[in-house]
Structures are given as C-alpha cells and as structure tokens.
Protein chains: 2
Amino acid sequence: MGTVSKALSLLALFNHGRLEMGLSELTRLSGMNKATVYRMMTELQAAGFVEQMNGDRAYRLGPEVLRLAALREAAVPLLSVSRDVLRRLCDETGETSHMSIQRNGQLTTLTHAYSSHHGTRVAMEDAEILSLHATGSGLAFLAFSSEEVVEHALSAPLVKHTPQTETDPERLRQALAEAQRSGVAESVGGFEADVHSHAAPIFGADQRPIGALAVAAPVSRMTVELKSRVRTALKAAALDLTQRTGGFCPPGYPGGS
Amino acid sequence: MGTVSKALSLLALFNHGRLEMGLSELTRLSGMNKATVYRMMTELQAAGFVEQMNGDRAYRLGPEVLRLAALREAAVPLLSVSRDVLRRLCDETGETSHMSIQRNGQLTTLTHAYSSHHGTRVAMEDAEILSLHATGSGLAFLAFSSEEVVEHALSAPLVKHTPQTETDPERLRQALAEAQRSGVAESVGGFEADVHSHAAPIFGADQRPIGALAVAAPVSRMTVELKSRVRTALKAAALDLTQRTGGFCPPGYPGGS
DNA sequence: GCAAATCGGTTCATTATTTGAACCTACGGT
DNA sequence: ACCGTAGGTTCAAATAATGAACCGATTTGC
C-alpha cells in the first residue's frame, strides 16, 4: 500500500461516531506510527481535507470535501436528483425515505427526506453505514449483485442488531430471491427495532447496482394497504432515479427494462 | 512537498471546466511524471476519490467525496443551514442567491437558490470560483479580511472579466471601505455583464470571514427600492447564517455584535 | 500536591518508497 | 506506412517515508 492510500485511509476513519479525532486516536485506530500520522494529517490539513479548530487540537473534515462534492454533483447529479425523488416518495407514502450508495462493500446513506404527515416518523442521519443483511436497502442491493458479492456478504459474521435481525444465511437467500422476483426488498426491525423498511436498487450505467432507495416506517403503521402503496411508489421512484442519473436496469429486473 | 500533497493536488485540478480528465491531461496540468500521476490516480481510485467509467478512460471525482461531505455536514452543518437561509433570502428579494466559502485564497460557490418570482433570473453553478475583486462576494470577503490578504489579492494581476470590471486597486480599496461601513459590498457587471450582485460576509468561530452570502439580480431590475430591500435582507441573512453555524462577527462589524 | 500517564508535536539516522526515462501497445489521422 | 498521442508498465537511481526516542504541556490518579 502506498503512502497516499495510507493517508486516505485516515479519512476513512471518520464516521458518525467519530466526527472529530485527536492525533492519538487516529494513531491508535490506524495502527500507524504517530509521527507518520502527524505528517499525513498536516498534509491533509494543508489541502483542506481536514481542519483543526480554534485551540482545539482535534481534527475534523475540512471544507475542501464540500467543494469536491459539489463538483462530483456537477459531473453526476446523484444527490440533487435523489432529493427530488425522495421528496415525492415521501409525499406519496407519508413516511421517511432515504438513498444510499455502495462503496467498498458498505452501503452509506447520503440523503433523506421526512414527511410531515404523521407526528412520529423514522429518524435518519446522513453518512450512516447500513448493514447489508439487516436493512431493506442492503437486501435490495444484494438481490441484484453478483454471486461473489452475496457470498462475501453472507459469509462474514452477521451482526444481530436487534432480537429480530435475521442472521440465517439460508433464510436471507430466500429473502433475496423474493426481492429478485418483486424488485423490492424488506426488513422488519432488523436494523432498528420498530422500523419496517422497504427498498429498491438503483443501477449504474453498467447495469450493476450502485445503491438503494428506501422507505422506512414504524412497524405499527405498516398495514397491508400502506405496504402496497410503498412498493408501487418505490419501484417507480427507483426506476426514475436510475434513469435520470444515466443508469440502466439489468435484463432480469422486474418492471423496468 | 510530500507525496500525499502531490496526490491531493491532482484532485485540485478538477473544476467546472474540467469535470473529467484523462491521464495525459492530468500529467500536463500537474507537471509531474506520467508514471507518478498514474500510480497516484490508481491509489485515489482505490480509495473512491476518483473513478473511471465503463470503457472511458477519463477520470472523474468518485463517490467517496459525497460520503465525506455528508460527514463534514454532520460536524459543521454549513450547507443545510445555508440552503434554508438562501431559500428565504430568495423569497424576500425575488432574485437568485448563493453562498460561497474561502479556501486557499479562492472563493468557491457551494450552493444557491432561485426565485420563481421573475421569468428571467441570474443563473448559477455550484463549485464555481468567484473572482475576489470582481464580485460582490469577493469584495464583501476582502472588506473584513486582514490587510495582508487584501494586499495579496489586489497586488495580483486583476483580471478584466467584462468591460465594466473595476481593476484599479485604489478604487477597489474605496469600495472595500464602503463595504466596511455598511456591511454589504456590491459589484455591477464586474464578473458577468448585466449582473448586479450584493454580498455580505459570513464569519467563523474565530471572528474571521469564512465566505460570503450574495444576491445576484439583472442590472435592469436593480432599482433603488430593490437595492434597499436586498441590503436589509442580506445583512439579516448573513448574521443569521454566521450565528447558526457557530460563528461570531468581529467587533467592528456594523449591525451584528 | 506530586508522580505517572497522556497529549500534540519534533528529531534524525535508517530504510523503503517514490520517481522518471524509456518502452510497449493501441488507435486515429494523413 | 508513418506519425502523434493515448493509457499503461518497467526498473535502477534517487528521494522521501518511517519510527524509536525525545520534549514540553496538560490531565489524571492517588
């Protein structure tokens, strides 16, 4: 692994639980030498990828990532299109919706929308990592991924996030088969208790899944009628998002050619 | 300069005019050896900072920058607060509004909002680099920056973007003095012909300016009445944004304590 | 109130990595 | 067939990364 990769791996250590980190923490988590980490952070800081605030010695992500994200959006308008699609998906279903993309074997939520239709709703945070086996999004993504990806995901230890989390590979494969048939995957309380999530995959220009679109509702509100409405709206929204971002559905995908 | 900085400088080459670049172009622009650039781009790609699409060999920014931007937003909610502030600023003035931040001596627009009040409006792109001497945003930023920053900006060759661009350092300093008094800077057709922009600075936790908030209108619509409304709304909006992002106005700033 | 631990930051000889000229193959234009 | 340019690869030489030890300042434990 080159020096550049090591430096970038420091950025990968940031997540929702660790929005700020000191030098020692970065050193511990990365397993690298303190001097090495220090020099790398100094270079990352000079480039604006991280910053150290007033007096505080902790590092946090810097403004340059915003500039790059804006440019990425200019090249591939995934977020702006998603926000539009999510807004309508929310309005149609009355529930929280969110979009996530895959990177490095992980699904990360990037944006979400809330409905004001109900007093209670499922709360979301952007940049959260979703479990592949325990969320609707994860299952929707896996259902249309290659066998190697599925095998890799299901052979790893399957975390039991809640008592309801399904961790039996055989039954998970059944869920994937069902999602392949209908185009929509679901998970009931698998990631967070009391949350029933439906999700459909988003495809890239190469017809492979790049992420997922999901609707998350409290278990108590998920009636047969709402399920039907969610599934219909979700399929249309995912197809819309795929097409408007220059993607194509694979031949076997139900509903969209 | 270390290897990491060199690799990150490759990312800095991306801008609105160059959303995608091939290996040769990157090599030429960076002035580095082709093999070096190739290895660095390979590492950046492995980390998800750039990607090469199907068959096409050109590189573009990758999905990892979106994840980092979402985390930066979680730590410092500048964009989300800005979008809210810009929306209202638009509604109040009926004109296009935008927000930009400073990085490395350059002002980059990060987000904007349009009004649907008029049939015509000033068009914006995110991630555009704003001239410091020829835009309201640039002048608003400089007006509250240190003397070294102002001197550095005004001693560099001042590009004449349009026939109306003011390039006389002496008169620009007068404009800065006026902005210091009122808290709002303006530029009439200095960056793009027929665009009249007003702007106010945004301050960080250290009381130094971090960027600017601006309203851009067609010159023909900028009446005395509208100017007055824009200036009032802008001052309130900039103060609001500064405070809601944890910033503080400097002692000498008019209007805000 | 003192000692030990921890923090961010720095040094410098050793070592491993980066570097770059040259080379390869493919492709499009003339 | 020739030339220019593209992306990608090789390997000896040169340069930059590394890490143990060290420093001063806080913080923690007792």
Side-chain angles (χ1 to χ4, degrees), chain A residues 1-15 17-64 71-72 75-76 204-206, chain B residues 1-15 17-64 71-72 75-76 204-206:
Chain A
M1 206 203 304
T3 314
V4 176
S5 297
K6 287 181 202 160
L8 296 179
S9 76
L10 290 173
L11 294 179
L13 296 177
F14 287 89
N15 61 41
R18 299 181 205 278
L19 291 175
E20 299 196 346
M21 282 183 277
L23 181 59
S24 299
E25 190 166 5
L26 286 162
T27 302
R28 245 180 283 111
L29 290 171
S30 66
M32 297 190 285
N33 185 279
K34 184 173 53 152
T36 304
V37 173
Y38 177 69
R39 251 177 319 97
M40 286 175 173
M41 291 308 284
T42 303
E43 293 199 69
L44 289 172
Q45 184 164 30
F49 282 75
V50 300
E51 65 182 6
Q52 273 176 305
M53 284 316 283
N54 46 322
D56 199 348
R57 273 108 72 98
Y59 296 91
R60 68 179 183 202
L61 291 168
E64 178 70 359
L71 281 173
R72 160 79 186 185
V76 188
D206 55 0
Chain B
M1 205 203 303
T3 314
V4 176
S5 297
K6 288 180 201 160
L8 296 179
S9 75
L10 290 173
L11 294 179
L13 297 176
F14 286 88
N15 62 40
R18 300 181 203 280
L19 291 175
E20 298 196 347
M21 282 183 277
L23 181 58
S24 301
E25 191 168 5
L26 286 163
T27 303
R28 246 180 283 111
L29 290 171
S30 66
M32 297 190 286
N33 185 278
K34 187 173 51 155
T36 304
V37 174
Y38 177 69
R39 249 177 324 97
M40 285 175 174
M41 290 309 284
T42 303
E43 293 199 69
L44 288 172
Q45 184 163 32
F49 282 75
V50 299
E51 65 182 4
Q52 272 176 306
M53 285 315 284
N54 46 321
D56 198 348
R57 277 122 130 219
Y59 296 91
R60 68 179 184 204
L61 291 168
E64 178 69 1
L71 281 173
R72 160 79 186 184
V76 187
D206 54 2

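Each chain gets a letter, A, B and so on, in the order the sequences are listed, and its residues count up from 1. The figures that follow rest on heavy atoms only: side chains count, while hydrogens, waters and symmetry mates do not.
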Under 4.0 Å: is that the gap between some side-chain N or O of [X] and OP1 or OP2 of [N]?
{"X": "A/Y38", "N": "C/dT10", "value": "yes"}
{"X": "A/Q52", "N": "C/dG9", "value": "yes"}
{"X": "A/S24", "N": "C/dC7", "value": "yes"}

Over how many whole Å does the gap from [X] atom [atom1] to [N] atom [atom2] extend?
{"X": "A/E25", "N": "C/dT6", "atom1": "CD", "atom2": "C1'", "answer": "13 Å"}
{"X": "A/L26", "N": "C/dG9", "atom1": "CG", "atom2": "C1'", "answer": "14 Å"}
{"X": "B/M41", "N": "C/dT18", "atom1": "CE", "atom2": "P", "answer": "16 Å"}
{"X": "A/E43", "N": "C/dG9", "atom1": "CD", "atom2": "P", "answer": "15 Å"}
{"X": "B/L10", "N": "C/dT19", "atom1": "CG", "atom2": "P", "answer": "10 Å"}

Is the backbone of [Y] close enough, under 3.5 Å, to the side chain of [X] for a donor and an acceptor to pair up by distance?
{"X": "B/Q52", "Y": "B/R57", "result": "yes"}
{"X": "A/S30", "Y": "A/L26", "result": "yes"}
{"X": "B/T36", "Y": "B/M32", "result": "no"}

Worksheet item: Taking 4.0 angstrom as the limit, do A/E51 and B/R72 come out as a salt bridge?
Response: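 Salt bridge present between A/E51 and B/R72.
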
Worksheet item: Mind checking what makes side chain to side chain donor-acceptor pair (under 3.5 Å) contact with A/E20, not counting sequence neighbours?
Response: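 Once residues adjacent in sequence are excluded, A/E20 has no partner under the side chain to side chain donor-acceptor pair (under 3.5 Å) criterion.
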
Worksheet item: Looking at A/M40, A/M41, A/R39, which one forms a side-chain contact (heavy atoms from CB on, under 4.5 Å) with A/V37?
Response: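 The passing option is A/M41.
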
Worksheet entry | Closest-nucleotide ordering on DNA chain C, the 5'-leading residue of A/G2 and A/R28 |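 Mapping each residue to its closest nucleotide by heavy atoms, the 5'-most match is A/R28.
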
Worksheet item: More 5' along DNA chain C: A/M1 or A/G22, using each one's nearest nucleotide?
Response: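 In this pair, the answer is A/G22.
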
Look for any protein N or O under 3.5 Å of an N or O in nucleotides 18-27 of chain D and output each such pair with its distance, or none.
residue : atom : partner : partner atom : Å
D/dT18  : OP1  : A/K6    : NZ           : 3.0

